[in-house]
Number of protein chains: 2
Amino acid sequence: MQAVLDAMVEPRRREILRLVRSAELTAGAIAAHFPDVARPTVSQHLRVLRDAGLVSERREGTRRFYRSRPEAFVPLVAFIEDFWDQKLAALKRVVEEEPS
Amino acid sequence: MQAVLDAMVEPRRREILRLVRSAELTAGAIAAHFPDVARPTVSQHLRVLRDAGLVSERREGTRRFYRSRPEAFVPLVAFIEDFWDQKLAALKRVVEEEPS
DNA sequence: GGCTTACGTAGGTGACAACTTACGAATGAA
DNA sequence: TTCATTCGTAAGTTGTCACCTACGTAAGCC
């Protein structure tokens, strides 16, 4: 989960995730969406995303296709859902112990 | 959402969130859970969490009580859920266009 | 074999963030 | 008012991360 958060905290990496969430794109196509950033930088972003499991890589000749792996979000969502549960439990305790 | 991620990416800040998710704690009580970190550092972490809306602050005399605000996770969860939806939609398209 | 295309890796730079010690502000008690 | 308690703020240091340019690798084409 640390790796997932490290990857997600960078705005450009989140933008990359949005690009490949419904379509498989090559590294070049992805880089083309960031004219203000050099291509090797995008390569590094893709590596971080891949190491975090947030995207998968498929090689075809010299090209590499990337697409999102939403499964990687599961631990993060579990972490957050824990908060909702605990909050509700705490609220319940308060209500029961202090009837208005 | 950027502020929420910036706050969450720090392991100690996530630990603080866990501490105050089911109980209201003072800054001192929270700092006591991190013997290897100076108290002002915890103060700074609390500020980041507060600015992100992840915790609320209540002052009582010289003490300040903190507790978690799970509502702050909503935009992040919405972002992630978008991926599940798009993934399902993409899968549906593939299935319909390429009947086994 | 040479050349092009597509992409990653290496190494160095600048900015930012987490940490520290020292100090300040505000409340409460003697 | 003086002192202690509780906590935040200020300022400086260090490590990490995003970025760049230069180079390396691997596949396809002439």
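Below, chains carry the letters A, B, ... as their sequence lines are ordered, and counting in each starts from 1.
The backbone N or O of D6(A) sits less than 3.5 Å from a side-chain atom of R13(A), completing a donor-acceptor pair. Between the E15(A) side chain and the F34(A) main chain, no donor and acceptor come within less than 3.5 Å of each other. Put simply, the side chain of R63(B) never gets that close to the backbone of T26(B): no donor and acceptor are under 3.5 Å apart.
In terms of phosphate contacts, T41(B) brings no side-chain nitrogen or oxygen within less than 4.0 Å of OP1 or OP2 of dA18(C). OP1 or OP2 of dC7(D) has not a single side-chain nitrogen or oxygen of Y66(B) nearer than 4.0 Å. Note on R47(A): a side-chain N or O is less than 4.0 Å away from OP1 or OP2 of dT9(C).
You'll find that the side chain of R64(A) is closest to dC7(C), out of dC7(D), dC19(C), dC7(C). Out of dA6(C), dT9(C), dG8(C), the shortest distance to the side chain of A27(A) is found at dG8(C). Picking from dA10(D), dA10(C), dC7(C) the nucleotide with the shortest atom distance to the side chain of Q44(B) gives dA10(D). Listed nucleotides dT21(D), dC19(D), dA6(C) differ in distance to P40(A); the shortest reach to its side chain belongs to dT21(D). Here the side chain of A38(A) is nearest to one of dC19(C), dT21(C), dC20(D), namely dC20(D). Closest to the S43(B) side chain, of the nucleotides dT20(C), dC7(D), dG8(D), is dG8(D). Each of dT9(C), dG8(C), dC19(C) was ranked by its minimum atom distance to the side chain of H45(B); first place goes to dC19(C). Taking every side-chain heavy atom of R13(B) into account, dA18(C) is the closest of dA18(C), dG8(C), dA22(C). Of the candidate nucleotides dG8(D), dT6(D), dC19(D), dG8(D) has the atom lying nearest to any side-chain atom of E57(B).
Note: CG (D6(A)) to C1' (dA17(C)) measures 13 Å, nearest angstrom. Between the P atom of dA6(C) and the CD1 atom of I30(A) lies a distance of 15 Å, rounded to the nearest Å. Summarising the geometry, the separation between CG on L49(B) and P on dA17(C) is reported as 15 Å, rounded to the nearest angstrom. Put simply, CG on L46(A) is 18 Å from P on dC17(D), counting in whole angstrom units. Regarding R12(B), its CZ atom lies at a distance of 17 Å from the P atom of dA17(C), rounded to whole Å. In this structure, CD of E10(A) is placed 5 Å from P of dA18(D), rounded to the nearest angstrom. The separation between D51(B) atom CG and dA18(C) atom P is 13 Å, rounded to whole Å. For the pair R39(B) CZ and dC7(D) P, the computed distance is 7 Å after rounding to whole Å.
Closest non-hydrogen pair, E60(B) versus F65(B), comes out as CB-CE1, 3.9 Å. Smallest separation of non-hydrogen atoms from V4(A) and A52(A): CG2-O, 3.8 Å.
Taking a cutoff of 4.0 Å between a charged side-chain nitrogen and a carboxylate oxygen, D36(B) and R12(B) qualify as a salt bridge.
Interatomic distance, CD1 of I16(B) versus CG of L46(B), reported as 5.0 Å (0.5 Å rounding).
In this structure, the salt bridge (Lys or Arg N to Asp or Glu O under 4.0 Å) partners of E57(A), at least two apart in sequence or on a different chain, are R50(A), R59(A), R64(A).
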Polar-atom pairs under 3.5 Å, protein N or O versus N or O of nucleotides 27-30 of chain D: list them with distances, or write none.
none

